[in-house]
Amino acid sequence: MKIAFVGKGGSGKTTLSSLFIRHLAATESPVVAVDADINQHLGAALGMPEHEAAAMPAMGAHLPLIKEYLRGSNPRIVSADTMIKTTPPGEGSRLLRVSEDNPVYEACARTVGLDDGDIRLMATGPFTESDLGVSCYHSKVGAVELCLNHLVDGADEYVVVDMTAGSDSFASGLFTRFDMTFLVAEPTRKGVSVYRQYKEYARDFGVALKVVGNKVQGQDDLDFLRAEVGDDLLVTVGHSDWVRAMEKGRPPRFELLEAENRMSLQALQDAADDSYAHRDWDRYTRQMVHFHLRNAESWGNAKTGADLAAQVDPGFVLGEPLAVARLG
């Protein structure tokens, strides 16, 4: 399953995504974690020393390699230079699997050892001073979108993406690339404002959205969230001494996380697992093509000097049986 954590800055989405990743690792599930936030904190939240987290390879810096690998022998893509962040796969394209080894993971992923198992971590890379005035952070996140467009994941496999804060992910089609989106909201007016934006934008695309109430301190906070988000409220998370110790760099073993918070994480996994039954590869592929054609017309054709609509393979539908056949 492909899972996104979104929310306003400071809502706790990185902390909650890191807890969820630890929870999945404890179930011995294969996990690829992606830090797609402009503030790169997921590695540290997963316990990486600061110097190792800062040395994570940036996916954006390896975009030429990613494009060349994914292009494969697809005859509709004449060169890697004509690929953009929304380029869809077609006949001859290489597809990614969660548990395989490939040049993309070799260049961009690092193994992080957690208490109960290892996960792969990837990062878009921070927005640097050299980017100011000449590039947009969405161009860095484009590497994530391109990989998700070529990813075939099955049941009990997880890709967890810590997204950009606020509603920035709507600058591309990235928000449609997930089976489940968890929106982390504090019990305040500002806390639920991003929820309203996300709900409105996502409505026309069938995005599965659930709210995780964070920093909930009592019944009044719970009542506020229920009144504001209704049935979209999945679970709440309260104070955690374990998280406080983790933020100081001294986390206890994950098994010592408070029982009520462990139950909340299990509720997130249950919701993500339930989404698998509603997976629609046809719709996923159609949305992929939809955003690619929009990007091609608005800027992609002019940037690459090519007719990017010609990259669309009308007979191709991304899906698990196809990937098994290609890899077999």
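Keep in mind that the numbers below use all heavy atoms, side chains included, and drop hydrogens, waters and symmetry copies.
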No-hydrogen, no-angle side-chain donor-acceptor test under 3.5 Å, Gln269 and Tyr158: yes
Pro88 side chain reached by Thr285 side chain, heavy atoms, under 4.5 Å: no
Distance-only polar pair, side chains of Tyr195 and Asp232, donor-acceptor under 3.5 Å: yes
Intermediate values then yes/no, salt bridge (charged side-chain N to carboxylate O under 4.0 Å, His left out), Asp81 and Arg71: CA-CA 10 Å; Asp81 291 337; Arg71 181 171 74 98; over 6 Å; no
Candidate pair Asp162 and Thr14, rule side chain to side chain donor-acceptor pair (under 3.5 Å), full reasoning: CA-CA 6 Å; Asp162 182 20; Thr14 297; 2.6 Å; yes
Minimum side-chain heavy-atom gap Asp35-Met122 below 4.5 Å: no
Heavy-atom check, side chain of Leu146 versus side chain of His150, under 4.5 Å: yes
Check: Leu16 and Phe182 side chains under 4.5 Å, non-hydrogen atoms: no
Within the 6.0 Å centroid threshold, strictly below: Phe5 and Phe178: no
Contact check, side chains of His278 and Asp179, non-hydrogen atoms, under 4.5 Å: no
Under-4.0 Å salt bridge between Arg110 and Asp118: no
His239/Asp241 under side chain to side chain donor-acceptor pair (under 3.5 Å): CA gap, chis, key distance, verdict: CA-CA 7 Å; His239 174 77; Asp241 290 333; 2.8 Å; yes
Flag for Asn74-Ser93: side-chain donor and acceptor within less than 3.5 Å: yes
Salt-bridge present (Glu228, Arg196; N to O < 4.0 Å): yes
Geometric cation-pi criterion Arg177 and Tyr284, 6.0 Å radius, 45° cone: yes
Flag side-chain contact, heavy atom, 4.5 Å: Val161 against Ile3: no
